[in-house]
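The analysis underlying the following values was restricted to heavy atoms, covering all of them including side chains, and did not include hydrogens, waters or symmetry mates.
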Amino acid sequence: MAPPSYSDLGKQARDIFSKGYNFGLWKLDLKTKTPSGIEFNTAGHSNLESGKVFGSLETKYKVKDYGLTLTEKWNTDNTLFTEVAVQDQLLEGLKLSLEGNFAPQSGNKSGKFKVAYGHENVKADSDVNIDLKGPLINASAVLGYQGWLAGYQTAFDTQKAKLTTNNFALGYTTKDFVLHTAVNDGQEFSGSIFQRTSDKLDVGVQLSWTSGTSNTKFAIGAKYQLGDDASLRAKVNNVSQVGLGYQQRLRDGITLTLSTLVDGKNFNDGGHKIGVGLELEA
C-alpha cells in the first residue's frame with residue numbers, strides 16, 4: 001500500500017477537529033446514484049450570521065473499463081468546474097487529470113494539469129496551472145518505510161524563477177497511532193498526534209507555533225462511539241473555545257449532526273454558535 005499524499009499527512013488527527021461540526025450553519029447534503037452509475041451530490045448551507053445561502057451540484061461518472069472519471073460541478077456563485085481523470089491505464093498507480101474552472105459572469109477561467117503516482121514506498125504528486133504568462137508548479141513526495149513517513153512539498157514560480165514553498169514533514173504511523181510533524185518555509189512549526197485508545201474512543205492533539213512570535217496554538221479533541229448509530233465529539237483549544245458535536249444515524253441513508261461552539265472566555269457575552277447538518281444518501 002502506497003503512503004498517503006503530502007496533503008493527507010496527519011489527516012486522522014485533523015478529522016477529529018473538523019468532521020462532525022457545522023458551526024453557524026444549517027447544512028444539507030444529498031447523495032444519489034443512478035442505475036447507470038452516475039453519482040449526484042447536492043449540497044447546500046445557510047449561514048446563520050449573514051443569512052447567505054450557498055449551494056452546489058456535482059455529478060460524477062466513471063468508466064471502469066478505461067479507468068476514466070468525469071466530474072462536473074456547479075455552485076450558486078455561478079462557477080463551473082470540470083475534471084477528467086484517468087487512473088492505472090498507462091502505468092499501475094499513475095493518475096492523470098485535467099481540471100478547469102469558469103465563471104461566466106466575470107469571464108475568469110483557470111485550468112490545472114495534475115499527475116499522481118503511488119507505489120509501495122512512495123507517493124508523488126504534482127500539478128501545473130495553465131498560465132501562458134508563466135505557470136506555477138507544485139510538487140510533493142512522501143517516502144514510507146516500516147511505518148515511518150518523510151515528506152517534502154515545494155512550489156516553483158516560473159514567472160519569478162524562484163521557489164515559493166519549502167515544506168518538510170516527518171511522521172510515524174501504525175494501525176492505532178499516528179504522529180505527524182511539519183515545518184513550513186522554516187517559520188511555521190506544527191505537530192499532531194492521533195490515538196485510537198479503544199474500539200469506541202479516538203483522541204487527537206494538535207500543536208502549532210510561528211517563529212518570531214509568541215503565538216502558540218494548542219487543541220485536544222476526541223470522538224466517542226456511543227453505538228452503531230451514534231457518536232459524540234468534543235474539542236477545546238488554548239483560547240477556551242469548546243466545541244461539541246452529536247451525530248445520529250436516524251435510519252439507513254439519513255444522518256443528523258448537531259454541533260455547538262462555546263466561547264469560554266466570553267461566556268456571558270454570547271456569540272456562541274450552533275449548527276445543524278442533515279445527510280441523505282440513496
Side-chain angles (χ1 to χ4, degrees), residues 1-21 87 91-97 112 114-129 136-158 160 162-199 201-223 233-239 241 243:
M1 184 176 178
S5 298
Y6 189 93
S7 59
D8 288 334
L9 293 175
K11 183 178 182 298
Q12 294 89 338
R14 290 198 302 272
D15 286 348
I16 292 289
F17 296 92
S18 60
K19 288 189 175 182
Y21 299 104
Q87 185 162 2
L91 181 66
E92 185 71 23
L94 178 65
K95 180 180 180 181
L96 306 175
S97 58
K112 187 178 293 185
K114 294 182 176 181
V115 179
Y117 176 72
H119 194 262
E120 182 179 358
N121 296 316
V122 63
K123 182 63 183 295
D125 297 272
S126 180
D127 64 74
V128 181
N129 68 324
L136 179 65
I137 303 172
N138 297 292
S140 65
V142 177
L143 301 177
Y145 181 72
Q146 295 184 355
W148 289 97
L149 299 171
Y152 175 68
Q153 184 184 58
T154 187
F156 181 73
D157 190 338
T158 58
K160 299 179 181 179
K162 72 172 186 178
L163 293 176
T164 58
T165 301
N166 202 33
N167 302 336
F168 297 89
L170 184 66
Y172 180 74
T173 179
T174 65
K175 181 180 179 181
D176 299 322
F177 176 81
V178 179
L179 171 67
H180 171 249
T181 59
V183 181
N184 295 340
D185 297 322
Q187 296 182 342
E188 298 180 5
F189 302 84
S190 62
S192 66
I193 296 175
F194 169 83
Q195 175 74 54
R196 176 159 292 164
T197 59
S198 69
D199 294 338
L201 181 62
D202 295 341
V203 178
V205 177
Q206 286 184 331
L207 177 67
S208 64
W209 171 70
T210 303
S211 177
T213 70
S214 59
N215 185 18
T216 300
K217 297 180 181 179
F218 175 81
I220 183 170
K223 174 189 175 184
R233 299 173 183 266
K235 61 180 180 179
V236 61
N237 59 23
N238 59 297
V239 293
Q241 291 180 324

Using every non-hydrogen atom in the two residues, find where [X] and [Y] come nearest and quote the distance to one decimal.
| X | Y | value |
| --- | --- | --- |
| P3 | V122 | CD-N, 3.5 Å |
| S192 | G10 | OG-CA, 4.2 Å |
| I16 | K223 | CD1-CB, 4.2 Å |

side-chain contact (heavy atoms from CB on, under 4.5 Å) partners of [X], counting only residues at least two apart:
| X | result |
| --- | --- |
| K11 | D8, R14, D15, K19 |
| W209 | F189, S211, T216 |
| I220 | V205, V236 |
| T210 | E188, T213 |

Could you work out, with side-chain hydrogen bond (donor to acceptor under 3.5 Å, both in side chains) as the rule, every residue matching [X], not counting sequence neighbours?
| X | value |
| --- | --- |
| Q241 | N237 |
| S5 | K123, D125 |
| Q153 | N167 |

Is the backbone N or O of [Y] less than 3.5 Å from a side-chain atom of [X], with the two atoms forming a donor-acceptor pair by type?
| X | Y | value |
| --- | --- | --- |
| T158 | L136 | no |
| T164 | F156 | no |
| K95 | A116 | no |

- salt_bridge(D202, R196) N-O dist < 4.0 Å: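 A salt bridge links D202 with R196.
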- Quick one: salt bridge (Lys or Arg N to Asp or Glu O under 4.0 Å) partners of D127, sequence neighbours excluded?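 Scan of D127 (salt bridge (Lys or Arg N to Asp or Glu O under 4.0 Å), adjacent residues dropped) gives none.
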So, taking the atom named [atom1] in [X] and the one named [atom2] in [Y], what distance separates them when rounded to the nearest 0.5 Å?
| X | Y | atom1 | atom2 | answer |
| --- | --- | --- | --- | --- |
| L179 | T174 | CG | OG1 | 10.0 Å |
| I193 | L207 | CD1 | CG | 9.0 Å |
| K235 | S18 | NZ | OG | 7.5 Å |
| L96 | Y117 | CG | OH | 12.5 Å |

Partners meeting ring pair (Phe, Tyr, Trp, His ring centres under 6.0 Å) with [X] (sequence neighbours left out):
| X | answer |
| --- | --- |
| Y152 | F168 |
| Y21 | F23 |
| F218 | none |

- Message: Does anything in residues 170-185 form a salt bridge (charged side-chain N to carboxylate O under 4.0 Å, His left out)? List the pairs, not counting sequence neighbours.
- Response: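 As it turns out, there is no salt bridge (charged side-chain N to carboxylate O under 4.0 Å, His left out) pair with a partner in residues 170-185 once direct neighbours are skipped.
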- Is there a side-chain contact between L94 and V115 (heavy atoms, below 4.5 Å)?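 A side-chain contact under 4.5 Å exists here.
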